[in-house]
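Accompanying notes for the structure given below.
Chain letters run A, B, ... following the sequence lines, proteins first, then strands; residues in each count from 1. Predicted model only: the values in this text are computed from it and were never measured.
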4 protein chains.
Amino acid sequence: MIQINERSLLPLYEQIVQQMKELIAKGVLQEGDKIPSVRELSAQLLVNPNTVAKSFQELERQGIIVTHRGKGTFVAKRAAAPGMERERIEQLQAELRHVVVEARHLGISREQFSAWTEEEWRRFGGE
Amino acid sequence: MIQINERSLLPLYEQIVQQMKELIAKGVLQEGDKIPSVRELSAQLLVNPNTVAKSFQELERQGIIVTHRGKGTFVAKRAAAPGMERERIEQLQAELRHVVVEARHLGISREQFSAWTEEEWRRFGGE
Amino acid sequence: MIQINERSLLPLYEQIVQQMKELIAKGVLQEGDKIPSVRELSAQLLVNPNTVAKSFQELERQGIIVTHRGKGTFVAKRAAAPGMERERIEQLQAELRHVVVEARHLGISREQFSAWTEEEWRRFGGE
Amino acid sequence: MIQINERSLLPLYEQIVQQMKELIAKGVLQEGDKIPSVRELSAQLLVNPNTVAKSFQELERQGIIVTHRGKGTFVAKRAAAPGMERERIEQLQAELRHVVVEARHLGISREQFSAWTEEEWRRFGGE
DNA sequence: GTGGTCTAGACCACT
DNA sequence: GTGGTCTAGACCACC
């Protein structure tokens, strides 16, 4: 389910984090679902177990998943994030700004950009 | 004109590259305009000259600026490097996807997201 | 300045985190001070560099220190923690409760406990 | 009477140990009282019997409870294991120090901290 | 020189 | 079996 791109600038563990979040946003993984174990995933992705473990720890820190000692790792119930949201929202806006600037630079039209946005938005959880 | 954030995850030279591009996107810097020298900028930003030089190399690689030996560095004509556009567009779409996924995880509504996009789009030169 | 106890139940990286915080609370390390590098500390403590690095990343996550690429790691300016404080304060109260329960179990008197508290409080930053 | 928190960092068996001690400190369980069996407790807490058994072993090791083969498990007389007290007191002081350091990092005032301590102290049996 | 990432492989605590 | 910790040693980006 997850594709690792060795040539990407993103660290492997970040790729896993992002794609895990995509799977959850898409609904492929739902609240309470069990996630493949560190060892399973590392074998499947041909990546070191430590790297997968790091991803899981980061996802847990973000309140996306929870781990139960000896049992495994599961998709968390929503609304875990307490108060630090504002900070993350600001970061998100900064990233959005960056994307817009890049788009204008590449000569993307407003319409094209909106179409892409709509497509991605539909892709992750309809609405 | 450029703001350096020491605490950002982005490398200093990347911050300079991005903000340079923003300045051009906004029209503050126009085709053919002369850009401050490496020494000037490094003094102004309190950043190592090597770092500024690296930014300029990157901008030149992307076809955003051109340097004329002994004369200085200038904003390039909207030629843009030929074949690598497709690659950069794909990267842009990947970034857009990432931003959308993050937004959904933070519980942002479709309307809110569109509003932000519009705001950013307007911000960089009305079109 | 830091003492590692191999026999402790606490992970090595946690011991480093805690003692670092103690040094800062005591004022031995002050805002803006440079912290020994990962390699220095790991050599000094006879601990793997990765372990020290993990401590630093945890301290940075808590807003206690900041790292500047290629320059080193420094004690952060206060007031970094944004909104997640409430959560941490609740955790602190839980720990305090635990300590009190343990104390009563060991037959410590109220006076003895207060004396210890006062001593520790004086130890870290007077007032 | 005992609340299990699956998401806590503490092992399940440690949570049981601590809360058992709290119940005794509060006087809910008194010297000589019979304690529910491993099976009863495990059914009630929805926890593996092995886990409960481990808690009981730990409590017995600390001299808090005693088991009489075929009769059941009981709250011990306040004998407490002889030599290991010093060790536990030292550990307690280390924990207290840690709590104080955390409090200072969170900007808690001396008065606030004292108030909390008093509250907790009162909470577990007025003395 | 600095910290960040990754691999390989080991041991431990918990279920 | 699960995740968490630690070591050893490598490579990389940044300054």
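- The shortest side-chain heavy-atom distance between A:Ile4 and A:Ile16 falls under the 4.5 Å cut-off.
- Formation of a donor-acceptor pair under 3.5 Å by the C:Gln30 side chain with backbone atoms of C:Gly27 is found in this model.
- C:Leu23 places a side-chain heavy atom less than 4.5 Å from the side chain of C:Met1.
- With hydrogens and angles ignored, the 3.5 Å screen pairs a side-chain donor or acceptor of C:Ser55 with a backbone N or O of C:Tyr13.
- Toward the 5′ end of DNA chain E lies the nearest nucleotide of C:Gln57, the other residue of the pair C:Gln57 and A:Glu6 mapping further downstream.
- Checking A:Val47 against C:Gly72, the closest nucleotide of DNA chain E that is more toward the 5' end is the one next to C:Gly72.
- In this structure B:Lys21 satisfies the side-chain hydrogen bond (donor to acceptor under 3.5 Å, both in side chains) test together with A:Glu102, B:Gln62, sequence neighbours excluded.
- Using a distance-only test at 3.5 Å, with no hydrogens or angles considered, no donor-acceptor pair links the side chain of A:Glu14 to the main chain of A:Pro11.
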Can you check nucleotides 12-15 of chain E for protein contacts, nitrogen or oxygen pairs under 3.5 Å, and list what you find?
from, atom 1, to, atom 2, distance (Å)
E:dC14, OP2, D:Lys54, NZ, 3.1

Quiz item: So A:Glu22 and A:Gln18, side-chain hydrogen bond (donor to acceptor under 3.5 Å, both in side chains) or not? Walk me through it.
Solution: CA-CA 6 Å; A:Glu22 290 181 16; A:Gln18 285 187 14; over 6 Å; no
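- At least one donor-acceptor pair closer than 3.5 Å links the side chain of C:Gln15 to the backbone N or O of C:Leu10.
- When both distances must be under 3.5 Å, the Watson-Crick or G-U wobble mate of E:dC14 is F:dG1.
- On the nucleic acid side, DNA chain F contacts chain B at distances under 4.0 Å to non-hydrogen atoms, with the end points of that region at F:dC14 to F:dC15.
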